[in-house]
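Input: a single structure, listed below in structure tokens.
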Amino acid sequence: MKKYQPSQFEPKLIEVWDKENTYATAEPSKNKQKTYILDMFPYPSGAGLHVGHPRGYTATDILSRYYRMKGYSVLHPMGWDAFGLPAENAAIKAKKNPMDMVPDNIANFKRQMKALGLSFDWSREFSTTDPSYYKWTQWLFIQFYKLGLLYKKNTEVYYCEKCKTGLAEEEVLANGIHERCGCPITKKELPQWIFKITSYADRLLEGLDDLDWPKGILDMQKNWIGRKEGINITYKVVCPESKIQDLRSKIFDEITCFTTRPDTNFGATFVVLAPEHEFVKKVLKDENTPREYSTKIKEYVDRTVSKTDLERIAEGKKKTGVFTGYYAVNNLNNKLLPIWVSDFVLSNFGTGAVVGVPGHDLRDFEFAREFGLEIVRVVVGKDGDTSAITESKQVQEEVGRMINSEFLNGLDIQVAKQKIMDYLEEKKWGQRTVSYHLRDWIFSRQRYWGEPIPMVYCQKCADKKISWWDTEEFQISNVKCQMRDHSVSKLDKEVQESLYGWFPIDEKSLPLELPYLKSYEPSQTGESPLSAVKDWVKTTCPHCGGEGKRETDTMPNWAGSCWYFLRFADPHNDKEAWSQESMKKWQPVDWYVGGAEHAVLHLLYSRFWVKALYDLKLVDFSEPFLRLRNVGMVLAEDHRKMSKSLGNVINPDEVVKEYGADTLRIYEMFMAPFSQEISWSTSTLQGGYRFLNRVWNLCQTKVGTGRDLSLQLNQKLNKTVHKVTNDILNIKFNTAIASMMEFINDWEKSEGMSQEEVKKFLKILAPFAPFTAEEIWRDIFGEKSSIHLSPWPEAEKMVEEEEITIPVQVNGKVRGTVVINREEQEESVVKKALEDNKVKKFVEGKSYKTIYVKGKILNFIVT
RNA sequence: GCCGCGAUGGUGGAACUGGUAUACACGCAGGUCUCAAAAACCUGUGAGGGCAACCUCAUGUCGGUUCAAAUCCGACUCGCGGCACCA
């Protein structure tokens, strides 16, 4: 008997599959339905594959193998997300150029993936750093630019001093730490390319409804977009305390506040502005502002604006603020609302101004208490409480009826809300509006290792206020007529002005290659290292032919991952990013598998690009990933994250060497439900090896030995086929494997079964343990073609057993079982049950009634 | 604080639509084989009581619905992830 030695046959089979081209993508056709199964492609780090990677890849591999055997045309590609900060930082550390390092890392990743028996179609492989790929990333940037989705702005951005680059808000963790490097973030004003993702906020929200994604991820996206319906109320500003008599009744200005609770507006007692608010600047300039106020305001504003987010968080939630000397007039009751400045109001949400209703908002309450402002109750609490509000507990009643609110009195909050909004709009004091948490997406990086942004700046054209939309090219381009039904069809003024003098480079000249630089470390000035390469920067203006300057910022690593799934359908096309035919054939992705850490970054950005591409008529679907499944993390044996410094890293190479790839695959799939976090366990890994070893041995000892497959074992086999098939589609690999283990336990105890039946079992094992199944299939059973191209077995319709065993309960407690005929009537079942001694003991001599669920259970209720 | 997820033996976990809780695996104990060990295989294994047949208790806590609850409902505790002064 041959021993189970995976290291003897796994490398051989990798070659065989390569040679036979086993995993080539079959073209879809009328009777061959497509399915597109995709992993979130990895960043190929120098450390090689982590044992967490195979968990997700094995899952998609099982799906792909299953669908292939089911006769589907399966697209299952792999590529590399190799641009971006981690690669650049690693290269700096290693004192190498990332351009030299990345190919080595890729080769290593690919070798490891092959060793795991992953059935990717390698003919479609590419890296985001290939000029033949990023040529189209740059081309897409230009299309988005022409659609008006990009603007350039000198913005105060989150800035990481360690990484020396600007960041998007999404990349900053709650405590003011950069999510990538873990360093505190500061702010810096830098010119940046910014994507108008906010224009798509509503569509990004609505699109979520049709997706088969984990609920948690959908909620995170919803919350990130953070749509809030409310009303902007405009208040007149007066200065009754002015020293000059004439000015006491003069209307100085107007301030607009956003609120979602206009129903409480009768309870407003003050207005608070963010320190960055325009009116604050105006107040400081205005000579009428009494000196005693302006000095204090200036002091406060200077102090808060210079504070970093980290400092603000450290200070906690204690309210600070300063009075401006001005008042807003509440239109509803002509009440004067003192205008304050405080940093708890954020300049970038709503209008940067809040109307304070301390009776019904906790922050407003705290602020009012801090500075002794009036507190009015305008909503009756649940229990009819109308007492004065003196404690924070009493604040923010979400249910109740209105009081102290004139024409709203007695109404339910929700009704009052609509009524007051109607009223405010009718009086032209307010306008219904929507605010979002989502901000525009900062797309510039002042770093070397990214796609160069294909834009040129011309000072001369800028001086003449010429932008691309003034050119003839725009007039004859079809961007205008390509625009579909969305709100970006007109450029707003801010965007227009920011783009004077900026022109996309000639599309025919793409790719704009990243030059090979000896020195590419981030500059101290915050500018991109490319800006130091004088002859690269210098170019001609695509519009006037005069002297132009190239953009030296590069794209963030999200750029490549925002559309790679589209390229896999047509990876070698050098005429266009993809053909329409390839889109129809393969898109969108049917199964997308990756970690939950991408819940708002990658997944949101990709969805945004696809929606923009839809508007450009470049694709005809608007959601890229129909199904999303999350893979749980793999922690170290000590339940901590694996890390070099902790010395608890498990290297998949070593596991493969010692136990074989199939053991690793079985182990990772068996350990726990797929989306759940697991801690590595070497002893459980050995359990996986034992299972495969037993299958291997059984295939040599218990095949064709019994006369016929017993009815019982046959039933079990069919049940197993059925269970495994269902479990694969439900991503329940752990129970699929458990059921196969159960089956071989029965098989081992049996006389054996025919080769035909064993093959059936091998086929359902094949997606999980592709090497072992293939080796037995070919070497032991002498098959010529791959098991992975054989048809998936159908579970034969099982003959329902006539005799079944059901539990018998007395008062809900199981006291025995009874063997009955499936169709047997209650009366006779009860009679049989009473023959059972135990049951008898509990029932005899007492009065009872029975509940019989046919074929399931019998319960005596003894009183 | 808000949103989401979770809690079942010594351990990872299983349980269809409410219907025999603990499948499968690990670990442990005993055994077979061996000079010995490893491997492999066999038996046992939720807790407590009992010589035994059996009995009682047990799915984070407390209550409820039901003939019947790990599963449904209400309140709570703890853990994990995300967000956080969002008006």
Side-chain angles (χ1 to χ4, degrees), chain A residues 3 173-175 214-220 222-224 226-228 230 257-262 264 272 274 312-313 315-319 342-346 348-357 360-364 366-367 396 435-438 596-597 599-600 630 632-633 666-667 670-673 675-679 681-691 693-694 697 723 726 732 734-745 748 805-817 837-838 841 848-853 855-863:
Chain A
K3 275 178 113 182
L173 300 177
N175 49 0
K215 192 178 177 302
I217 304 284
L218 292 173
D219 283 328
M220 271 197 237
K222 270 177 210 157
N223 291 339
W224 192 263
R227 186 179 200 275
K228 293 257 163 72
C257 300
F258 175 72
T259 177
T260 57
R261 293 290 306 275
T264 62
V272 196
R312 276 203 197 182
I313 289 160
E315 276 173 21
K317 293 185 180 175
K318 189 170 159 39
K319 297 286 178 291
S342 176
D343 67 359
F344 84 85
V345 178
L346 309 173
N348 51 10
F349 184 79
T351 58
V354 177
V355 52
V357 185
H360 301 284
D361 181 280
L362 201 58
R363 291 158 316 211
D364 294 350
E366 285 167 357
F367 192 77
Q396 273 187 330
S435 275
Y436 300 90
H437 172 262
L438 183 71
E597 67 272 18
V600 284
N630 287 133
M633 265 209 299
I666 291 282
Y667 162 69
F670 178 65
M671 263 301 266
S675 62
Q676 200 173 300
E677 196 175 82
I678 57 173
S679 296
S681 157
T682 304
S683 55
T684 312
L685 178 77
Q686 284 159 351
Y689 181 83
R690 265 175 230 161
F691 165 63
N693 190 26
R694 284 171 72 199
N697 292 340
K723 171 119 182 98
N726 275 334
K732 287 170 77 173
N734 55 332
T735 51
I737 292 169
S739 75
M740 288 190 277
M741 287 173 167
E742 263 182 76
F743 176 72
I744 71 156
N745 285 344
E748 197 155 50
T805 307
I806 62 159
V808 180
Q809 298 183 330
V810 180
N811 287 342
K813 276 190 183 142
V814 179
R815 297 298 178 183
T817 55
N837 280 336
K838 254 167 92 182
K841 195 173 104 188
Y848 62 83
K849 60 177 186 174
T850 57
I851 287 174
Y852 178 55
V853 184
K856 275 261 164 89
I857 199 165
L858 174 68
N859 194 0
F860 288 89
I861 296 101
V862 177
T863 42

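Every chain is numbered from 1 and lettered A, B, ... according to where its sequence line falls, protein lines coming before strand lines.
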> If you look at every strand shown and take non-hydrogen atoms under 4.0 Å, does A:K3 touch a base, only sugar-phosphate, or nothing?
Replying inline: nothing

> Reckon A:K813 has a side-chain N or O less than 4.0 Å from the OP1 or OP2 of B:rC57?
Replying inline: yes

> For A:R815, which contact category applies under a 4.0 Å heavy-atom criterion: base, sugar-phosphate, or nothing?
Replying inline: sugar-phosphate

> Of the nucleotides B:rG19, B:rG12, B:rC54, which one has an atom closest to the side chain of A:Q676?
Replying inline: B:rG12

> Checking all strands, does A:D361 fall into the base, sugar-phosphate, or nothing category for heavy-atom contacts under 4.0 angstrom?
Replying inline: nothing

> Side chain of A:N859, backbone of A:G812: donor and acceptor closer than 3.5 Å?
Replying inline: yes

> Any idea if B:rG12 is syn or anti, going by the 90°-from-0 cut?
Replying inline: anti

> So, the side chain of A:Y667 versus the backbone of A:S681: is there a donor-acceptor pair under 3.5 Å, distance only?
Replying inline: yes

> Distance between the C1' atoms of B:rU71 and B:rU66, in whole angstroms?
Replying inline: 13 Å

> A:P214 near the nucleic acid: base, sugar-phosphate alone, or nothing, with a heavy-atom cut-off under 4.0 Å?
Replying inline: nothing

> What is the nucleic acid contact for A:K723, judged by heavy atoms within less than 4.0 Å: base, sugar-phosphate only, or nothing?
Replying inline: nothing

>> With a 3.5 Å limit on both atom pairs, tell me what B:rA21 is paired to, counting Watson-Crick and G-U wobble, or say none.
In response: none

> Per the atom types in the model, does the base of B:rC67 pair as donor or acceptor with the side chain of A:K849 at under 3.5 Å?
Replying inline: no

>> What does the B/S/- profile of nucleotides 23-32 of chain B look like, 5' to 3', with a 4.0 Å heavy-atom cutoff to protein?
In response: BBSSS-----

>> If you assign each of A:K215 and A:N697 to its closest nucleotide in RNA chain B, which residue comes earlier from the 5' end?
In response: A:K215

> Base, sugar-phosphate, or nothing: which does A:I861 touch, judged by heavy atoms less than 4.0 Å apart?
Replying inline: sugar-phosphate

> Which part of the nucleic acid does A:K222 contact within heavy-atom distance under 4.0 Å: base, sugar-phosphate only, or nothing?
Replying inline: nothing

